[in-house]
Chemist: 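One structure, pasted below without further comment.
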Amino acid sequence: MGTRNYRRKTSHSEHGPGDGGRTGSWRVERPVIDQSLCIPCKRNKEACFICWLFCPDVVISRTIPPKIDLEYCKGCGICAEECPTKAITMVDEAKFSDEVKDKE
Amino acid sequence: MNKEFIEIRWHGRGGQGAITAAKIVAEAAFTSGYAGVVMAPTFGTERRGAPVMTSLKISREKIYDLSPIETPDVVVVLDHLLLKEADVTSGLKPGGIIILNTPMAFESYSFKDYQLATADITAISVEAGLPHGMVNTGIIGSLEKAAGLLGIDILLKGIEEEFRTRKPEKNSMAARIAYERTVAGG
Amino acid sequence: MHIIENGNVAAALGVKLCRAAVIAAYPITPQTPVTERLSEYVEAGEMKAEYIHVESEHSALAVCIAASSTGARTFTATSSNGLLYMHEQVQWAAGARLPIVMCVVNRAISAPWNVWNDQQDSISQRDTGWIQMYCADHQQIIDSVIKAYWLAEKASIPIMVCYDGYILSHTYMPFDVPDQERVDAFLPPFQPDYALNPKEPANLNTVTLPDVRMDVKGELAHGYMEIRYLLHEDLRKTLAVAADAEKRYAEIFGRGGDPYLESYRCDDADYVAVGLGSITYQLRVSVDALRKEGINVGVMGVRFYRPFPDAAIAKALKGKKGVIVFEKALSYGYEGALASDLKSALYEHLAGTGHLPLVQNFIAGIGGREIRTDDLTHNFRAATRSRIAKEPVWIGLKL
Amino acid sequence: MQAKTTILSLPTEEFVHPGTRACTGCGLAIAYRIGLKALGKDTMLIVPPSCLTVLQGLFPVASTKLPCLNVTFASTAAAATGILATLKTQGNQHTAVAAWAGDGGTSDIGLQALSGAAERGDNFIYFCYDNEGYMNTGVQRSGTTPIGAITANTPFKGKLQQKKDVPAIMAAHNLSYVAACSAAYPLDLHDKIIKCKDMPGTKYFHIHIPCPPGWGYDPRYGIKIGRLAVETGYYDLYEIVNGEFKLTAASEKLVEKRKLVPVREYFRAQSRFKILTDELIADIQNQIDVKWAGYYKQDE
């Protein structure tokens, strides 16, 4: 009794990734970045990052080159659609073997 | 009158201060050693000017029955016009006391089986320096004169305490004058 | 110090003494004077609290829920339809385990409109997971409010302090107002195990699954069912905590007794009247009258209705010839809720012992219908002579 | 004057974890993520039942790194009041309080509490993320569903009534700040939050949120559709600062351009509008033109 175990007696959540599981499994298509077209990669300095801005799932890093966390990327394709240089293409997941999928 | 258990019913109008008057008497009774004091206003949708009732029960022992008074020992009527609107003697014990604020002469009333006490509290209060229509402190003087419950001094003290920020001396003066001028008879 | 005031002021003074930090309320008769009085204390600087003028009762409890979740001692009060309008928040506060104290100034519920007293409002909230206390006079109101904060915060369970509208809320009588120092000694500042804050972020009361689930540290967390079970279990355990509260209160304030039941001339009684609130004090007058007639009767007020003190009740009523339940509410389509609960407790503890009393049920004072003491006495007497009816009997019904 | 947020100046700290339960391509996830960046670490959130309830995690895992109180559907703004009152008693003047509710939770069931809090002038930011329907319960009509939209409970005829103008209702409370934003313009959202953070009283944000399952489009086009709503003049980005109305960002630029994309293109991109007749589209186009003629006039 008392308040000692209070937290265990309520719906008290603490934060962490993957509440929805490994949401990368939701993906039908995978975004693939062509670094030869990607603006920050080409200029080798911080620039553009539109893919990072619009990513609903916080899976694209604001780095050179931008990296996509495939464990959680749901494959919505917004990054591909919004990329001003069409550096990102959505590729059918079926083309990647499980082995490759895990490595990425 | 049995002074172990006294029931007083107050008839006034909404806004006239019957509750405050009853509360002053209740506090004086409690201070005088009555352990049981219960004051219950009319329950419901009180509106300014409409007739209202307040029950005051005073007992030597704690009161457990909070139901309204059915057979009062005393009724206090703050406005003589209420006699036409309400059955103020309803349930009044034989020989019970009616305290009436009225500009009319004592002789113009006749209540069989009851003792009447009258005073023109409205005029007395103005004389004491209160605004016209403030009668709830003056009437306490008449009540004490007619019923002789607690002694006038403790009531005057109670009035001054209750009205400590609102003309305490004038209010107690109204009660003192009323105490002196109340006409009581059999 | 003894003062003469009405029941609503007794409640407000209790809240002030307990140093509630956030008060939210919406006007409804006959509760309004409680929170009006609190607004006076706050505006005059006599009480340090945030007073929130909400736009509904639903929001009044919402403010208390959020404030309590952030670590404040909170208070609200309501009556009747106001309580019904809060209903989902009432349930929420219990499920979130927030020690909110709320006065319910008992009033009939609509339709049709009625502003007078009965207890259908709080009885309708019986199953919400709150502790329910019922008061019979002003001393119990102020004492119950103070005890309620201690108990609520010990148990992490909200409490309704219920008292009869008008009959107690607007009636003046003397009662003792405890000293601030002693209340402070009784009731330490509210220190919740967790209060919302950015340094230690948590997400409270989100969707909780039917089954258990792993948390971020890899430990198994409860499912919805476990959380609700624990509310029930703790509510049952609160009976013991209430006894502690009563004991501590008596030590510090010199007042107290049985935490759950208030019995009058019951020990040698053959028949015992049972009820909630001020009617149980009125029944004392009937008991005295019937005793003079040679009928051995007593009366027992149930002060603690949820959690239900079933064992204490069964113990007190064991071997009585009859139990007569006087109620100001009912479970429409059956009988008074208290009568049902009593029967259940008696059956559970006394079935087969040969000491099972007969239970009869009277319904009285619905929608403020005046309860005459003579009528109570008359019906009480009749119920000691024979079984009047299987169905609950409505006292004073003019059909 | 406050410098405009750019992608490069946008704070890099994230307050939402990856792997939420939000639908693929969720517009809310974008607005929420950027909105939290503007609000910052020292913020407490209030969330009523809505898509965000699901997005921010199911017990015992939270997807958001900020403290968050889930509350009943109708009580969002009142809960903000309760938190603010407590912060005051604790002498805390720095922590921001922000409510995030959906359009149903704002325009319908939550309006009374919101109006109450706004009238009291409680100091917090209220975000209504408007995906134009009860999406979390399976796409039913709400007060802000636009005319003509098919939903699960306006299945054949579409909604027959106009969208409720909640920002106008909130502006009528004489708030210090009211803003209309879109998930397609996250930097504008960021700018506006930064701008109003220290303004007194209640601040109201209305955010247009493209919703792939509710609106009927391929998730990849979410930003494009949000942008089309603005470029057609159908949904405007603006702010009302102490009663002063001003178009912002792309909407402001449209005034200079004096050229709107025909609204038909916006409707065509979404299956929820598939039953819109040419007549109704013409009627809506006319309403837009009248509205914009007013903007142009003000600009002259």
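Fair warning: this is a prediction, and the values are worked out from it, not measured in the lab. Throughout, protein chains are lettered first and strands after them, A, B, ... in sequence-line order, and every chain is numbered starting at 1.
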Chemist: Should D:Leu69 and C:Asn205 count as side-chain neighbours, where that means a heavy-atom distance under 4.5 Å?
Modeler: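 Yes, at least one pair of side-chain atoms sits under 4.5 Å.
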Chemist: Are the side chains of C:Glu50 and D:Leu84 in touch, meaning some heavy atoms are under 4.5 Å apart?
Modeler: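 Not in contact.
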Chemist: Compare every heavy atom of C:Glu55 with every heavy atom of D:Gly116, then report the nearest pair and how far apart it is.
Modeler: CA-OE1, 3.5 Å
Chemist: Would you say the side chain of D:Gln112 lies within less than 4.5 Å of the side chain of C:His58, judging by non-hydrogen atoms?
Modeler: no
Chemist: For the candidates D:Thr64, D:Leu87, D:Leu45, D:Thr89, which exhibits the highest count of non-hydrogen atom pairs separated by less than 4.5 Å from chain C?
Modeler: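 Option with the top pair count is D:Thr89.
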Chemist: Can you tell me if D:Gln2 has over 12 outside heavy atoms packed within less than 6.0 Å of its CD?
Modeler: yes
Chemist: With respect to chain D, which residue among C:Ile65, C:Val63, C:Thr70, C:Asn203 yields the maximal number of heavy-atom pairs within a distance under 4.5 Å?
Modeler: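 That would be C:Asn203.
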Chemist: Name the option with the most non-hydrogen atom pairs under 4.5 Å to chain D; the candidates are C:Val22, C:Thr208, C:Leu196.
Modeler: C:Leu196
Chemist: Could you look at D:Thr95 and say if it's the side chain, the backbone, both or neither that has a heavy atom under 4.5 Å from chain C?
Modeler: side chain
Chemist: Please name the pair of heavy atoms, one in C:Ala221 and one in D:Pro60, separated by the smallest distance, quoted to 0.1 Å.
Modeler: CB-CG, 3.4 Å
Chemist: Count the heavy atoms of every other residue, nucleotide or ligand shown that sit under 6.0 Å from NZ of D:Lys41, and state whether that count exceeds 12.
Modeler: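 Counting neighbours around NZ of D:Lys41, 12 or fewer heavy atoms of other residues, nucleotides or ligands fall under 6.0 Å, so no.
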Chemist: Just by distance, no angles: are the side chains of D:Thr72 and C:Gln89 close enough, under 3.5 Å, to form a donor-acceptor pair?
Modeler: yes
Chemist: Are more than 12 heavy atoms, taken from residues, nucleotides or ligands other than D:Gln93, located less than 6.0 Å from that residue's CD atom?
Modeler: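 Atom CD in D:Gln93 is not crowded, with 12 or fewer foreign heavy atoms closer than 6.0 Å.
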Chemist: State, yes or no, whether a side-chain contact exists between C:Val54 and D:Thr81 at a heavy-atom distance under 4.5 Å.
Modeler: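 Sidechains of D:Thr81 and C:Val54: no contact.
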Chemist: Is the NZ atom of D:Lys164 crowded by more than 12 outside heavy atoms at less than 6.0 Å?
Modeler: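 More than 12 within 6.0 Å, yes.
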Chemist: Considering only heavy atoms, which portion of D:Leu66 lies under 4.5 Å from any heavy atom of chain C: side chain, backbone, both, or neither?
Modeler: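 Backbone only.
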Chemist: Who wins among D:Val71, D:Asn92, D:Thr53 for the most heavy-atom pairs under 4.5 Å with chain C?
Modeler: D:Val71
Chemist: Is the shortest side-chain heavy-atom distance between D:Phe59 and C:Asp215 below 4.5 Å?
Modeler: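 Contact flag for D:Phe59/C:Asp215 side chains = no.
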Chemist: Hey, is OH on C:Tyr224 packed in by over 12 heavy atoms from elsewhere, all under 6.0 Å?
Modeler: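 12 or below, so no.
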Chemist: Could you go through C:Arg213 and D:Leu58, starting from their C-alpha distance and side-chain angles, then the distance that decides it, and tell me whether this counts as side chain to side chain contact (heavy atoms under 4.5 Å, CB included)?
Modeler: CA-CA 10 Å; C:Arg213 186 185 179 205; D:Leu58 271 47; 3.8 Å; yes
Chemist: Flag the one option from D:Ala117, D:Ala79, D:Ala78, D:Ser115 with the top tally of heavy-atom pairs under 4.5 Å to chain C.
Modeler: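 The candidate making the most pairs under 4.5 Å is D:Ala78.
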Chemist: Is it the case that the side chain of D:Arg120 and the backbone of C:Ile52 share a donor-acceptor pair, with hydrogens and angles ignored and the cut-off at 3.5 Å?
Modeler: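 Not confirmed, D:Arg120 side chain does not pair with C:Ile52 backbone.
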Chemist: So do C:Met214 and D:Val61 actually touch side chain to side chain, heavy atoms under 4.5 Å?
Modeler: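 No. Closest side-chain heavy atoms not under 4.5 Å.
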Chemist: Heavy-atom pairs under 4.5 Å with chain C: which of D:Gly57, D:Ala62, D:Ala113, D:Ala77 has the most?
Modeler: D:Ala113
Chemist: For C:Ile227, which atoms come within 4.5 Å of any heavy atom of chain D: side chain, backbone, both, or neither?
Modeler: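 Contact with chain D is through the side chain of C:Ile227 alone.
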Chemist: Identify which part of C:Ala21 has an atom lying under 4.5 Å from any heavy atom of chain D, answering side chain, backbone, both or neither.
Modeler: both
Chemist: Quick check on the interface: out of D:Lys65, D:Gln90, D:Gln56, D:Glu119, who has the most heavy-atom pairs with chain C under 4.5 Å?
Modeler: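 When all of D:Lys65, D:Gln90, D:Gln56, D:Glu119 are compared, D:Gln56 has the most.
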